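Worksheet for the structure shown next.
The structure displayed is predicted, hence computed values, not measured ones.
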Amino acid sequence: MENQNNNQNNPNQNGGGSDNNHRRNNRFSWIICLVAALFVLFSFTYMSKQMEAGTLKEITYSEFIDLLEQGKLSAIEVQPDKERIVLTPVSGGVEYGVGITYYTGYFPYDTGLQQRCEEAGIKYAATYTDKTVTILDIILSYVLPFVLIYVVMILLFRMLTKNGGMMGSVGKSNAKVYVEKETGVTFKDVAGQDEAKESVTELVDFLHNPGKYTRIGAKLPKGALLVGPPGTGKTLLAKAVAGEAKVPFFSLSGSDFVEMFVGVGASRVRDLFKQAQSQAPCIVFIDEIDAIGKSRDSHYGNDEREQTLNQLLSEMDGFDTSKGIVILAATNRPEVLDKALLRPGRFDRRIIVDKPDLKGRLEILKVHAKNVLMHDSVDLEAIALATSGVVGSDLANMINEAAILAVKEGRTVVTQEDLFESVEVVVAGKEKKDRILGAEEKKIVAYHEIGHALVTAVEKKAEPVQKITIVPRTMGTLGYVMQVPEEEKYLMSKEELMARLTMLLAGRAAEELVFGSVTTGASNDIERATSIARAMVTQYGMSKKFGMMGLESVENRYLDGRPVLNCADETAAEIDHEVMEILDRAYERAFSLLGENRDPLDRLAAHLIEKETISGKEFMEIFREAKRKDTEEENDPEIISDVAAEEKL
């Protein structure tokens, strides 16, 4: 507690070095401006003399006398102060270049020059310059040009400094400093990340009340690394820290340290920590730290990024946590960070800011919906269920899209239909009304989508259908089936994965069953099904052939999640055969289920072609009615006798 008070009561003590450096930099800037102004002035004088010399050509005095005696001159002008005689030749009398004036040296002992000129009829003139120099002449000739050039250079250097030029930005940190609630964001605005918020809250509480922690022997963590997918709220959480901390908050990006000049990044790191120590207790937030914190390897030497990283490592080791300096950093790629950066003593905590669960999504929707006028019938929990795997930024976008849609439709409040439509806009894009499908294509798309939905209704492990549409969307879909899970799940059984594969391949199966051919419409279904089947074999241990052998590892888990094989080429070929067998079994099951429900398939496809969009409730009503009629026909005595007669024949 004493250290904290001392730092707050004597801010000038720690900041004196920074002020001295600032004064030295100002003096250095003035000296450079002065030297530059002198250089420009001398250059201007030299260039003016050179330009004047380029328009004059000197001849000898004897040549001048010859021209005078030959009558080739019309006038001369004697300039004693410049010790020369300027010649004016008669037209065509002297061969000279365009724009060139001829002159010769002046000999004051040639007393008969004026008389010879009068005898030859040549105009004679002599100019005498008053060599008396006044203060005004000095000011106009020397002082004023220097002052003007100096002022221009000062303005130029100030513009360079303001725009991040050499004088101001090299070696200086570009951190934005927030104090108290300037960001306008607090922990109340952060929802769906309770664990991450709790970890950060402890750091803020430590800065406010260090005594209750140090009394038991606890030390303030030097740094905390926020890790998670894009859009989960890492930067928002950092801004909330700025709003709650009530201490100086330095915010900058990792790319702010990266410059073309070697050594600039390291200098900026030093300057940042010097500022932080002078304003301790404080919080420093570095967004996208992977820009400077990538792992060092033997392929690259002592380049600018590695020097910056080395300086960051040494600075994090050098400052004293008792002063109350906390480093927060955020990244989507923790796997590429240098191991030395992640060890305890530098970033002591790794705070996972992952995709929100059902409860978290509901809280996020409530936060973003509190300033939006909602209809009383709006059920945000249903929207949360329909957006499994969606991050916080997408949920905020959905609420905003729903409000825009309500205004567009002329409503004063947002309805449940607006919210579900906004979910579709974010996931699949807007309706593409200018794309009109032909009758044949429309029929194929309808059977394709009903194939997905029908298998979903038949399979016990599948998620229920919310909506079916064959209206094209801007993201390339000609139609889709929207499913909403009944509850949030974190584990999936092998049966559930097989049911999902069957549903994905049911669209292609419906095309082949009804039309006897296939189209390109199942490309996305095939891609997703292949990804699931491959993960079942290589990651989930759901293959009898390979058992629980891990054959793939996931890179960039928080970005694209691209899998990388960890096996020989022969094993990879066997994996392909195993994946193909799983997909074949799922396709055969989908084809069989659709064949057993051909009548409901035809009725539902005809209804979808007519309506273009049907709800999950409407779909189930038609499906149950069709199944009931099939059952009645099977139990009809007349139909049974006809079938028996056909069997005898």
Where Ser493 and Met542 come nearest, the two heavy atoms and their spacing: C-CE, 4.4 Å
Exercise: do Gln275 and Gln279 side chains pair donor with acceptor under 3.5 Å: no
Beyond-backbone contact of Phe250 with Ile283, side-chain heavy atoms, under 4.5 angstrom: no
Closest approach of Leu583 to Leu505 (non-hydrogen atoms, all atoms of both residues): O-CD1, 3.5 Å
Note, Gln193 side chain near Ile352 side chain (heavy atom, < 4.5 Å): no
Crowding at NZ, Lys355 (>12 non-hydrogen neighbours, <6.0 Å): no
Among Lys366, Lys359, Arg361, side chain to side chain donor-acceptor pair (under 3.5 Å) partner for Glu363: Lys359
Donor on one side chain, acceptor on other, Asn400 and His368, under 3.5 Å: no
Beyond-backbone contact of Arg500 with Met492, side-chain heavy atoms, under 4.5 angstrom: yes
Main-chain N/O of Met398 paired to Ser422 side chain as donor or acceptor, under 3.5 Å: yes
Any side-chain heavy-atom pair of Val537 and Phe546 under 4.5 Å: yes
Side-chain (Glu244) to main-chain (Phe187) donor-acceptor, under 3.5 angstrom: yes
Salt bridge present between Asp287 and Lys234 (N-O < 4.0 angstrom): no
Parallel, tilted or perpendicular: rings of Phe619 and Phe623 (30°, 60°): parallel
Check: Asp357 side chain, Gly360 main-chain N or O, donor-acceptor pair, under 3.5 Å: yes
Ionic contact status for Asp338 with Lys294, cut-off 4.0 Å: no
salt_bridge(Arg343, Asp317) N-O dist < 4.0 Å: yes
Donor-acceptor contact present, side-chain Asp348 to main-chain Lys222, <3.5 Å: yes
Closest non-hydrogen atom pair, Leu501 against Ala586: CB-CB, 3.8 Å
Check ion pair Lys408-Asp418 (N to O, under 4.0 angstrom): no
Short N-O contact, Arg350 and Glu195, less than 4.0 angstrom: no
Exercise: identify the closest heavy-atom pair between Pro356 and Ile364: CG-CD1, 3.8 Å
Close side-chain approach of Phe420 to Lys467, heavy-atom, < 4.5 Å: no
Met549 CE to Cys567 SG distance, which is reported to the nearest 0.5 Å: 7.0 Å
Nearest-0.5 Å distance that lies between atom CD1 in Ile289 and atom CZ in Arg333: 12.5 Å
Non-hydrogen atoms of Pro281 and Val247 that approach each other most closely: O-CB, 3.4 Å
Non-hydrogen side-chain atoms of Asn209 and Lys212 separated by less than 4.5 Å: yes
Lys/Arg-Asp/Glu bridge criterion (N-O < 4.0 Å) met for Asp189, Lys239: no
Euclidean distance, Leu225 CG relative to Leu341 CG, rounded to 0.5 Å: 7.5 Å
Inter-residue atom distance Ile399.CD1 - Leu365.CG, 0.5 Å rounding: 5.0 Å
Rounded distance [0.5 Å steps], OG in Ser531 versus CD1 in Ile526: 13.5 Å
Validation row: Glu459, Met503 side chains within 4.5 angstrom (heavy atoms): no
Steps toward side chain to side chain donor-acceptor pair (under 3.5 Å) verdict (Glu552, Thr538): CA-CA 5 Å; Glu552 277 184 346; Thr538 59; 2.8 Å; yes
Carboxylate-amine/guanidinium proximity below 4.0 Å for Glu578 and Arg534: no
CG-CD distance between Leu608 and Glu618, expressed to the nearest 0.5 angstrom: 9.5 Å
Gln483 side-chain N/O to Glu463 backbone N/O, donor-acceptor pair under 3.5 Å: yes
Arg349/Glu202 ion pair, N-O < 4.0 Å: yes
Check: Thr214 side chain, Pro210 main-chain N or O, donor-acceptor pair, under 3.5 Å: yes
Shortest non-hydrogen contact between Ala224 and Leu203, atoms and distance: CB-CD1, 3.9 Å
Student check: side-chain heavy atoms of Pro464 and Thr456 closer than 4.5 Å: no
